[in-house]
Amino acid sequence: MNRTIKILLTVFCLLASTNFGFAMREGYGEYEIDLQGELKPIGRSQTDPITASVDVANLYVDFHADLGSLTITISSATGAVVHTENTVAYANDGVQISLSNLPSGNYLVVFSNAQGSLMGKFSI
C-alpha cells in the first residue's frame, strides 16, 4: 500500500505544475472531487463507494458502501503529507476534515485499504 501511495504522489507532483485535473474553485462554493481508481466495498454495492467534495474550509467525504478500515491521506503539491487518519467506513456515514490550517494550493486526497485505493485532486 505504501508503494501505491508513493507512486500516486509522484504522478501528482508531476502534474502539480498545471491545473489539469484539479477541481478549481471559484468563490466559496462546494465542488465535487473526481475520484479515480478502484476501491472494492465489503459485500455488494451498485454505487460509487465514496464521494468527496471540498469548499474553502473543509473536505467532505461520504461513504456509500461498507469499506472497513480505511486510511485517508492528504498531500500537498510537493508530496508532503499534510493530513492522515484511519477510520472505519460504513455505508451512509461520512467524515469532515478541516482544511482551514492549509495554505491555498493544489492537493491530493487518497482513500486506501486492503481492497484498493481511490484518489482525487483538489485546490483550495
Side-chain angles (χ1 to χ4, degrees):
M1 179 170 67
N2 286 335
R3 183 172 184 237
T4 301
I5 291 173
K6 288 178 183 179
I7 291 170
L8 294 174
L9 289 174
T10 301
V11 170
F12 174 76
C13 290
L14 292 173
L15 295 174
S17 61
T18 68
N19 286 332
F20 177 77
F22 285 90
M24 298 306 294
R25 299 172 333 110
E26 300 170 12
Y28 296 97
E30 185 177 324
Y31 293 86
E32 188 168 337
I33 299 171
D34 181 27
L35 297 175
Q36 302 293 318
E38 185 176 2
L39 189 60
K40 295 178 183 177
I42 298 170
R44 295 182 148 177
S45 176
Q46 299 297 321
T47 63
D48 292 331
I50 298 174
T51 55
S53 59
V54 64
D55 66 18
V56 71
N58 295 291
L59 171 67
Y60 304 96
V61 182
D62 294 309
F63 305 121
H64 305 288
D66 292 336
L67 297 169
S69 181
L70 186 72
T71 300
I72 303 170
T73 306
I74 301 173
S75 302
S76 69
T78 63
V81 174
V82 297
H83 179 86
T84 187
E85 71 178 74
N86 296 307
T87 189
V88 177
Y90 296 105
N92 302 315
D93 199 3
V95 296
Q96 179 177 328
I97 299 170
S98 175
L99 304 173
S100 61
N101 62 336
L102 299 178
S104 296
N106 297 323
Y107 294 88
L108 175 72
V109 61
V110 178
F111 304 95
S112 59
N113 66 13
Q115 287 76 38
S117 64
L118 289 173
M119 70 170 218
K121 297 172 269 184
F122 66 93
S123 296
I124 55 172

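Computed over heavy atoms, backbone and side chain alike; hydrogens, waters and symmetry mates excluded.
S53 and E30 share a side-chain donor-acceptor pair at under 3.5 Å.
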Worked check of side chain to side chain contact (heavy atoms under 4.5 Å, CB included) between F111 and L67: CA-CA 10 Å; F111 304 95; L67 297 169; over 6 Å; no
I33 vs T51, side chain to side chain contact (heavy atoms under 4.5 Å, CB included): CA-CA, chis, key distance, verdict: CA-CA 8 Å; I33 299 171; T51 55; over 6 Å; no
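The two residues S69 and N113 have their closest heavy-atom pair at O-CB, 2.9 Å. Between S75 and V81, the shortest heavy-atom distance links the atoms OG-CG2, 3.9 Å. Nearest approach of A52 to L59, heavy atoms of both residues: CB-CD1, 4.3 Å.
In this structure a side-chain-to-backbone donor-acceptor pair under 3.5 Å is missing from D48 to I50.
Residues V110 and I72 have side chains not in contact (no heavy-atom distance under 4.5 Å, counting atoms from C-beta outward). Looking at D66 and P41, their side chains never come closer than 4.5 Å, going by heavy atoms from C-beta outward. With contacts defined as side-chain heavy-atom distances shorter than 4.5 Å, the pair L108/T73 does not qualify.
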Check residues 82-90 and write down every donor-acceptor pair under 3.5 Å in which the side-chain atom is one partner and the other belongs to a residue at least two apart or another chain.
{"from": "H83", "atom 1": "NE2", "to": "E85", "atom 2": "OE1", "distance (Å)": "2.7"}
{"from": "N86", "atom 1": "OD1", "to": "T71", "atom 2": "OG1", "distance (Å)": "2.7"}

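Remark: D93 pairs with no residue by the side-chain hydrogen bond (donor to acceptor under 3.5 Å, both in side chains) rule, at least two apart or across chains. For Q36, the side-chain contact (heavy atoms from CB on, under 4.5 Å) test picks out D34, with sequence neighbours left out. In terms of the side-chain contact (heavy atoms from CB on, under 4.5 Å) criterion, residue partners of S98 (sequence neighbours excluded) are, by chain and number, N58, S100.
Note: Q115 CD to L70 CG = 9.5 Å, rounded to the nearest 0.5 Å.
Of the candidates V54, D55, N106, V54 is the only one forming a side-chain contact (heavy atoms from CB on, under 4.5 Å) with I124. Between F122 and the choices Y31, Y60, Y107, the ring pair (Phe, Tyr, Trp, His ring centres under 6.0 Å) rule is met once, by Y107.
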